[in-house]
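Positions are given from 1, in the same order as the sequence printed here.
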Amino acid sequence: MAAELTAHQLIAQHRPTLDLALETIRTRAYWSPHPEHPKAYGENGSLDTAAGKAAFDALSGTRLDLGQPGTDGWVGGEVSPYGIELGVEYPHADLDVLLPAMQAGQKAWRDAGAELRAMVCLEILKRIADRTMEFAHAVMHTSGQAFMMAFQAGGPHAQDRGMEAVAYAYVEQSRTPETAEWTKPQGKRDPLALTKRFTPVPRGIGLVVGCNTFPTWNGYPGLFASLATGNAVLVKPHPRAVLPLALTVQVARDVLTEAGFDPNLVALAAERPGEGIAKTLATRPEIRIIDYTGSTAFGDWLEANARQAQVYTEKAGVNTVIVESTDDYKGMLANLAFSLSLYSGQMCTTPQNLLIPRDGIRTDQGDKTYDEVTADLARAVDGLLGDDARANALLGAIVNPDVKARLEAAAGLGEVALASREVANPEFPDAVVRTPVIVKLDGAKPEDEAAYTSECFGPVSFAVAVDSADHAVELLRRSVREKGAMTVGAYTTDPEVEEAVQEVCLDEAAQLSLNLTGGVYVNQTAAFSDFHGSGGNPAANAALCDGAFVANRFRVVEVRRPA
């Protein structure tokens, strides 16, 4: 039996970390308490690489019994994009039993206050961090990410995003004092005097609808933002990516129990094949907050139909890079090649449209025509992925058949500048691994417009010939306004073009990266400093993380009485 966690112990251990997080979101400087190098693990109770793999392997063939009320059966059936069956079963919930049980623990959790809730959340994150290597394999074999990306994005970077949400939640809850003495002078009469108490109160149960590609990275912000603001949280994983979030729920329930709270404040809602419980859950009156990452169609449905809930969505967008000029042609090509290749383009931040003037661009290696730029970029991708071992380490596996179908169909949309090829994975022979395709399109042809104005999620990009920099900026504005964008990139040495691109991004609320040629890429964001999405264009109605992401998950209730 684990020792009980007292409030004093939790505050002594985690308050310094919270203070550092609070300072970092103020300064926007680099900081992370979670090492992103595998060699850093294996000390102070954390699992090293071998132990993490062993822990993951030991899950196969097991039933992950979370001790939840209302369990009416068991579900499973996850198959890794690398071709292996995970063989783990999860509890299936009777919602009419589970949801009331989750509500029962909210009073004590509300009364605990913002600081203690933050400390419990940080303890959950610490326990997850100690098992980072185990989680890395769980993320790898549900998302198809290559191991190092699954380790970093699914481990320390996801944990950073969770901690960031806790920090913002604490800031917003502590903005109002717990008590106030209010005195109003009345001239010759006695003053009016009241004592006031202000309590952050939760909205209700938060629902996290998990995604297939980044179950922890996209799941943790909403989970911890809701939990830290006093809400119970029901986690509904994607049917193909249950394990990482089920392990998260298991850890959270253990910590809540040890800290003296109801473990049912966090629960799992796994589903039977084809059951589609997200829609059912989303409109239940008990669900008051929803966090969702996924397709535009379902995100739009949630926003229109889950009227009883505060809905936070990250949907789809058409990410654009304008290539107008550069003073580091080789660095630009290398940076773009990596951005297009990472995780087979299966990121909501991966560039899709490369807008290149048909008359060419100015570079430090002389003027380059549109055809030369596209051919050189194709060679850069080929060079990056020419070695199969390196290609597997960057590409990972295609996450589902829909992505593979889009990749194969893209070659018929225009002239192919770079053909996709199959890559064999000796360790996982059944993995579907493909290099990116680059298709040349004409921004002045209406018949090409349907292709480049629609999201084509996966390792597909379009080199779109445009008439001029002004034409590129015009297409960028229209694309962000109508379709949304999680990221925008631009390469230019012209101050006027740079200013024009910045104005579009400010007007349309899109996050912009300029002239990246080194080890930072347009499809990567750092917690505590970068905003992921803006909430101001159709790609997402929220940003990870800012005050708006947490402030409406609770309300402040005032009790006043005569002093």
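Counting only heavy atoms from C-beta outward, the side chains of Ile25 and Val171 approach each other to under 4.5 Å. Between Phe261 and Val255, the closest side-chain pair of non-hydrogen atoms is not below 4.5 Å. Taking the side chain as every heavy atom from C-beta outward, Cys348 and Glu314 approach each other to under 4.5 Å.
For residues 7-16, the salt bridge (Lys or Arg N to Asp or Glu O under 4.0 Å) pairs, not counting sequence neighbours, are Arg15-Asp19, Arg15-Glu115.
Take Phe135 and apply the ring pair (Phe, Tyr, Trp, His ring centres under 6.0 Å) test, not counting sequence neighbours, and it matches no residue. The ring pair (Phe, Tyr, Trp, His ring centres under 6.0 Å) check on Tyr491 picks up nothing, with sequence neighbours excluded. With sequence neighbours excluded, the residues forming a side chain to side chain donor-acceptor pair (under 3.5 Å) with Thr493 are Ser325, listed by chain and number. Checked against side-chain contact (heavy atoms from CB on, under 4.5 Å), Gln524 has the following partners two or more places apart in sequence or in another chain: Leu342, Tyr521. The side chain to side chain donor-acceptor pair (under 3.5 Å) search around Glu23 returns Arg26, not counting sequence neighbours. For Arg553, the side chain to side chain donor-acceptor pair (under 3.5 Å) partners two or more places apart in sequence, or in a different chain, are Ser226, Asp291. By the salt bridge (charged side-chain N to carboxylate O under 4.0 Å, His left out) test, Lys53 pairs with Asp57, sequence neighbours left out. Shown here are the ring pair (Phe, Tyr, Trp, His ring centres under 6.0 Å) partners of His532, two or more places apart in sequence or in another chain: Trp217. Judged as a side chain to side chain donor-acceptor pair (under 3.5 Å), and not counting sequence neighbours, His137 has no contacts. Qualifying ring pair (Phe, Tyr, Trp, His ring centres under 6.0 Å) partners for Phe531, counting only residues two or more places apart in sequence or in other chains: none. With sequence neighbours excluded, the residues that form a salt bridge (charged side-chain N to carboxylate O under 4.0 Å, His left out) with Glu164 are Arg161.
Between Thr326 and Asp328, the side chains place no donor N or O within less than 3.5 Å of an acceptor N or O (distance only, hydrogens not considered). With no hydrogens or angles considered, no side-chain donor-acceptor pair links Gln173 and Tyr168 at under 3.5 Å. A donor and an acceptor atom, one from each side chain of Gln106 and Asn231, are nowhere located under 3.5 Å apart. For the 3.5 Å distance criterion, the side chains of Ser534 and Glu508 fail to qualify, holding no donor opposite an acceptor.
Ring-plane geometry between Phe147 and Phe151 is classed as parallel, the angle between the planes falling under 30 degrees on a 0 to 90 degree scale with a further cut at 60.
Proximity of the aromatic rings of Phe428 and His141 is defined here by a centroid distance below 6.0 angstrom, and this criterion is met. Taking the centre of each ring, Tyr312 and Tyr292 stay at or above the 6.0 Å mark.
Here the closest heavy-atom approach between residue Ile289 and residue Ala309 is recorded as N-CB, 3.9 Å. Listed here is the closest heavy atom pair of Thr229 and Ala169: CG2-CB, 3.7 Å. Shortest non-hydrogen contact noted between Leu395 and Ser344 is O-OG, 2.8 Å. When all heavy atoms of Val522 and Pro351 are compared, the pair lying nearest together is CG1-CG, 3.4 Å. A pairwise comparison of heavy atoms in Trp31 and Ala21 identifies CZ3-CA, 3.6 Å as the closest pair.
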Open item on the list: side chain to side chain contact (heavy atoms under 4.5 Å, CB included) for Leu10 and Leu116? Distances and angles first, verdict last.
Closed with: CA-CA 8 Å; Leu10 288 166; Leu116 184 52; 4.0 Å; yes
TODO: List the steps, then state whether side chain to side chain donor-acceptor pair (under 3.5 Å) holds for Asn552 with Gln310.
DONE: CA-CA 8 Å; Asn552 218 12; Gln310 183 72 27; 2.9 Å; yes
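Within 6.0 Å of CD in Glu178 there are 12 or fewer heavy atoms belonging to other residues, nucleotides or ligands.
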